[in-house]
Amino acid sequence: MLISLVVPAYNEGRQLIANLKQILAAAEPCGHDLELVVVDDGSRDDSAAQVAQLAIGDSRVRLVAFTRNFGKEAAVYAGLEHAQGEAVIVLDADLQHPPRLISQMVQEWEEGAQVVEAVKQKRNDASKLDAWLAKGFYSFYRKLSGFDIEGHSDFKLLDRQVVDLYLQLPERYRFFRGLVNWLGVDGAVIHFEVEPRAGEASRWNKVSLLRYALNNVTAFSALPLTIVTWLGCLTLAVGFALLVISLWQKITGSAEEGFTTVNVLLVLVGGSIMTSLGIIGHYVSKIYHEIKGRPIYIKKVPRRKRS
Ligand code: UDP
Ligand code: MG
């Protein structure tokens with residue numbers, strides 16, 4: 001059977017070809033035919049040309065090159081779209097996803113796992129701040145979306161059926177890790193320690209990571225939208241209390257001249273604006289869920305061994 005290795009690459013520099021060769025060599029012992037789909041995410045160095053050169057000498061290698069940098073999620077999507085294998089393994093070009101685990105992943109797949117997840121044991125190269133930020137993101141994501149993906153990486157093996165399911169999802173903004181988890185198919189988990197980077201520094205900076213985190217949270221939860229409704233209700237409740245107090249002061253004659261009118265107006269107007277925004281938010285969240293067009297359910301398929 002054919003196994004595809006999908007590797008997104010962006011400005012991986014001189015190390016790239018050596019890394020790709022190492023990935024192929026590590027996958028060979030699994031005893032299946034191999035295909036290596038390298039997606040060049042618009043690198044500014046000569047990565048694409050180098051991979052094209054490699055492909056001339058090795059018919060298992062295929063290059064998909066983007067016109068510009070579209071981001072890792074797009075690269076992973078393109079890789080899955082172009083992969084033809086019965087199983088597809090997605091892994092980073094910088095060897096931070098240890099290629100020696102490939103055989104083990106394939107074994108789990110042969111035993112019948114539809115998805116094999118490589119879960120990070122600990123982040124090796126991350127600073128204290130990065131580790132703390134990552135932890136914060138995962139716990140926020142878990143609270144809002146209800147899915148726990150702490151430690152999950154994009155290092156995964158997907159069975160052909162799961163790849164097709166993933167590609168059929170109609171939504172445009174994709175969070176590979178989260179969506180595969182959302183599909184909920186039967187899987188196996190193997191643990192690994194993140195290797196230090198082989199090659200250039202990470203291509204993510206704090207701002208791009210923050211944007212990525214925000215996008216991912218909002219792709220799975222509309223809760224931030226509905227928070228406004230609760231704030232509106234709270235404002236209204238506090239408002240009514242103030243209203244009663246102001247009216248009481250007016251009646252007993254202890255209120256300052258004109259103060260009651262201002263109080264009452266502020267409270268009523270503020271509260272109703274907030275609540276109306278919240279109601280609009282609810283409709284927006286419905287539109288948002290509908291527009292993603294995710295399937296209503298995913299059918300379970302029985303586990304079967306693959307020969
Ligand atoms: N990558 C990509 N497009 C990007 C950024 C990264 O295809 O815009 C690739 C990169 O070449 C690598 C993988 O995604 O194979 C992970 O990137 P990186 O190592 O920079 O991220 P980190 O290991 O810090 O998560
Ligand atoms: Mg990396």
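Both ligands and their constituent atoms are indexed starting at 1 by order of listing.
Short contacts between ligand 1 and Gln96, defined as distances under 4.0 Å to a heavy atom of the residue, involve ligand atoms 19 (O), 23 (O). Atom numbering of ligand 1 starts at 1 in the shown order; those under 4.0 Å from a heavy atom of Glu12 are 10 (C), 11 (O), 12 (C), 15 (O).
Taking distance alone, with nitrogen or oxygen atoms compared against 3.5 Å, Ala75 stays at or beyond that limit from ligand 1. Some N or O of Ala93 is nearer than 3.5 Å to an N or O of ligand 1, by distance alone.
Of all N/O/S atoms in Asp94, OD2 sits nearest the Mg ion (ligand 2).
Geometrically, Arg174 engages Tyr166 in a cation-pi contact defined by less than 6.0 Å to the ring centre and at most 45° from the axis.
Here the shortest heavy-atom distance to atom 13 (C) of ligand 1, taken over Asp92, Val7, Asn19, Asn69, belongs to Asp92. Here the shortest heavy-atom distance to atom 2 (C) of ligand 1, taken over Trp204, Phe66, Tyr10, belongs to Tyr10.
Here the side chain of Ser43 pairs no donor or acceptor atom with the backbone of Asp45 at under 3.5 angstrom. Checked by atom type and distance alone, the side chain of Asn11 pairs as donor or acceptor with a backbone atom of Arg44 at under 3.5 Å.
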Enumerate, atom names and distances included, each donor-acceptor pair closer than 3.5 Å involving a side-chain atom of residues 231-244, sequence neighbours excluded.
from: Thr235; atom 1: OG1; to: Leu231; atom 2: O; distance (Å): 2.6

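Residues forming a side chain to side chain donor-acceptor pair (under 3.5 Å) with Arg142 (at least two apart in sequence, or on another chain): Asp148.
The side-chain contact (heavy atoms from CB on, under 4.5 Å) test with Leu34 is passed by exactly one of Leu2, Ile3, Val61: Ile3.
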